[in-house]
Asks: 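This is the structure, below, for whatever I ask next.
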Amino acid sequence: MSTIQIIAGSNAKAPAGTISASIEHNVKLFQPITQKSITTHNRVVVSPMCMYSAENGSLTDFHLAHYGAWAIRGAGIIIIEATAVVPEGRISPGDSGLWSDEHIEPVRRIATFLKSQGAVPAIQIAHSGRKGSTAPPFLGNYTVSEEDGGWPDNVYGPSAIKFADHFPQPIPLTVEGIKHSVKTWVDAAIRADKAGIEILEIHASHGYLLHNFLSGNSNKRTDNYGGSLENRMRFPLEVVSAVRAVWPEHKPLWVRISASDFANPEVMGEDKQGWDIYQSIVFSKELKKLGVDVIDVSSGGNISYAKYPPPSMFQVPFSEAIRTKVGIPTASVGNIRTGKDAESILKEEKADYIVIGREYLRRVAWVNDAATELGVEVSLPKQYGWAIHRGRRTNKTKTEE
Ligand SMILES: Cc1cc2nc3c(=O)[nH]c(=O)nc-3n(C[C@H](O)[C@H](O)[C@H](O)COP(=O)(O)O)c2cc1C
């Protein structure tokens, strides 16, 4: 008796979320894009989003199902959530980590599955800085005590300035501590490579350690790591340079930045001593020189008294400014909800990649919905496609009858 074996993986030639090569179209969202050795079948990126569900830093079955669902439904790149380079670099106890070799296998399992579906596995490596040892947002961001698995006496930043009253008191990193930290980022990058990750993103945004150093609002140091912009950029650039040296040349390196602290109510306003778009452009130029391939442009998160613009796609102008003034590919994120919005950002050359966060939590089949909205059809995973199309035909026949 012969057995028919169904391989649980999409057709490598046409992953879900692809427009058939035989169809002519000018929809940019579904044009493949190549960087270094990595080709992505569309421009859709799932934003890194902490799930607060790791066990001692290890990703679990939950994460396999969570990330796997997006890969099955055709996302081009999936960035695994902020993954701490040291245990005290987690935001919350349930954060993911790459500080130990034990973490490699759980990441490899997910990376392998994402690749089997034609998606590009990426991961964001991170250090929480002065926002460490806090509870997940759905529990209220309070400081987690040692008894509850926190590390409130082991929270670091550039200066002894709390993010907010109810946050832990950060200890200023010594120069020795800075040098050691650089090594921990490097070790995490090496582990990410061993796990089969194809794009590495360094988290330098949202008020975490590297952003704390960049901004004069959180960095009041008087040594070589504080004061002038050159000094404030020094530690983040040391991290990026050391990571680039070990991250394989053929694999892209992304850096996520916050383009402004929003200490100033004007969206594009200046905050010379703090952190603003003008300094972000200078920083991005330095990142480009170090061989960074994409700037993932976010904003905010560094000061509790920030004055944010209304929740529209207010980060897109930052992406456009960096892309134009620095001449580097950008990824744009923030309140991008529809396929039409995504397409217009790409067509107007304001970004090269579209990064979707919460809308992906709401609609797991975002890629398919966006394609429908843009009037094109993308491939579905073969395990679903035949059934859905058959269902459509059946309905049609019944209606016609
Ligand atoms: C549940 C949740 C977790 C998040 N975790 C991260 C993270 O790990 N790293 C990061 O850079 N941003 C994180 N963010 C921010 C998102 O990546 C994204 O930048 C933000 O939600 C804005 O995009 P959106 O409007 O498409 O959601 C998180 C957001 C949410 C909602």
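Order of appearance sets the numbers: ligands from 1, and atoms from 1 within every ligand. No experiment lies behind these values; they were computed from the predicted model shown.
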Asks: State, without any angle test, whether Asn219 and Asn212 hold a side-chain donor-acceptor pair at a distance under 3.5 Å.
Replies: no
Asks: By number and element, which atoms of ligand 1 are closer than 4.0 Å to a non-hydrogen atom of Asn335?
Replies: 24 (P), 25 (O), 26 (O)
Asks: Hey, does the side chain of Asp95 reach the backbone of Arg90 with a donor-acceptor pair shorter than 3.5 angstrom?
Replies: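 Not confirmed, Asp95 side chain does not pair with Arg90 backbone.
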Asks: Do you see a protein non-hydrogen atom under 4.0 Å from atom 20 (C) of ligand 1?
Replies: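 Protein heavy atoms within 4.0 Å of atom 20 (C) of ligand 1 - there are none.
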Asks: Between Lys36 and Asp293, does at least one N-O distance fall below 4.0 Å, as a salt bridge requires?
Replies: yes
Asks: Give a yes or no on whether the backbone of Asp276 and the side-chain of Ser280 come within a donor-acceptor separation of less than 3.5 Å.
Replies: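 Confirmed, Ser280 side chain pairs with Asp276 backbone.
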Asks: Quick test: of every protein heavy atom, which one is nearest to atom 15 (C) of ligand 1, and how far off is it to 0.1 Å?
Replies: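 Atom 15 (C) of ligand 1 sits closest to the protein heavy atom His206 CE1, 4.0 Å.
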Asks: Closest by any non-hydrogen atom to atom 8 (O) of ligand 1: pick that one out of Ala82, Ser298, Ser258.
Replies: Ala82
Asks: In terms of atom number and element, which parts of ligand 1 are under 4.0 angstrom from non-hydrogen atoms of Gln124?
Replies: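 Atoms satisfying the 4.0 Å criterion: 7 (C), 8 (O), 9 (N), 10 (C), 11 (O).
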Asks: Considering non-hydrogen atoms of the protein only, which is the closest contact for atom 31 (C) of ligand 1, and what is the distance?
Replies: Arg358 CG, 3.5 Å
Asks: Any atom of ligand 1 sitting under 4.0 Å from a heavy atom of Glu359?
Replies: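 It does not, in that no heavy atom of Glu359 comes within the 4.0 Å cut-off of ligand 1.
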Asks: Quiz question: by atom type and distance under 3.5 Å, do the side chains of Asp341 and Thr338 form a donor-acceptor pair?
Replies: yes
Asks: Has Arg232 got a side-chain atom pairing as donor or acceptor with Leu214's backbone, closer than 3.5 angstrom?
Replies: yes
Asks: Considering only the protein, which heavy-atom contact is closest to atom 30 (C) of ligand 1, and what is its distance?
Replies: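 Looking only at protein heavy atoms, the one closest to atom 30 (C) of ligand 1 is Met49 CG, 3.9 Å.
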Asks: If we ignore angles and hydrogens, is there a donor and acceptor under 3.5 Å between the side chains of Asp261 and Asn217?
Replies: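 Yes, side-chain donor-acceptor contact under 3.5 Å.
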Asks: Got an N/O contact under 3.5 Å between Gly357 and ligand 1?
Replies: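 Min N/O separation from ligand 1 is below 3.5 Å for Gly357.
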Asks: Quick one: which of Arg362, Gln315, Arg256 has a heavy atom closest to atom 11 (O) of ligand 1?
Replies: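 Closest candidate by heavy-atom distance is Arg256.
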Asks: For Pro48, take its heavy atoms, then give the atoms of ligand 1 lying under 4.0 Å from any of them.
Replies: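 Checking each atom against Pro48, I get 4 (C), 5 (N), 6 (C), 7 (C), 8 (O), 9 (N), 10 (C), 11 (O), 12 (N), 13 (C), 14 (N), 16 (C), 17 (O), 28 (C).
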Asks: Is it true that His103 and Ser100 share a donor-acceptor pair across their side chains at a distance under 3.5 Å?
Replies: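 There is no such pair between these side chains.
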Asks: Provide the number and element of each atom of ligand 1 under 4.0 Å from a heavy atom of Gly334.
Replies: 22 (C), 23 (O), 25 (O)
Asks: Going by the order shown, which atoms of ligand 1 are within less than 4.0 Å of some heavy atom of Ser47?
Replies: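 Ligand 1 atoms under the 4.0 Å threshold to Ser47: 16 (C), 17 (O), 18 (C), 19 (O).
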Asks: Tell me, which protein residue and heavy-atom name are nearest atom 1 (C) of ligand 1, and how many Å apart are they?
Replies: Cys50 O, 3.9 Å
Asks: Does any non-hydrogen side-chain atom of Phe163 lie less than 4.5 Å from one of Ser304?
Replies: yes
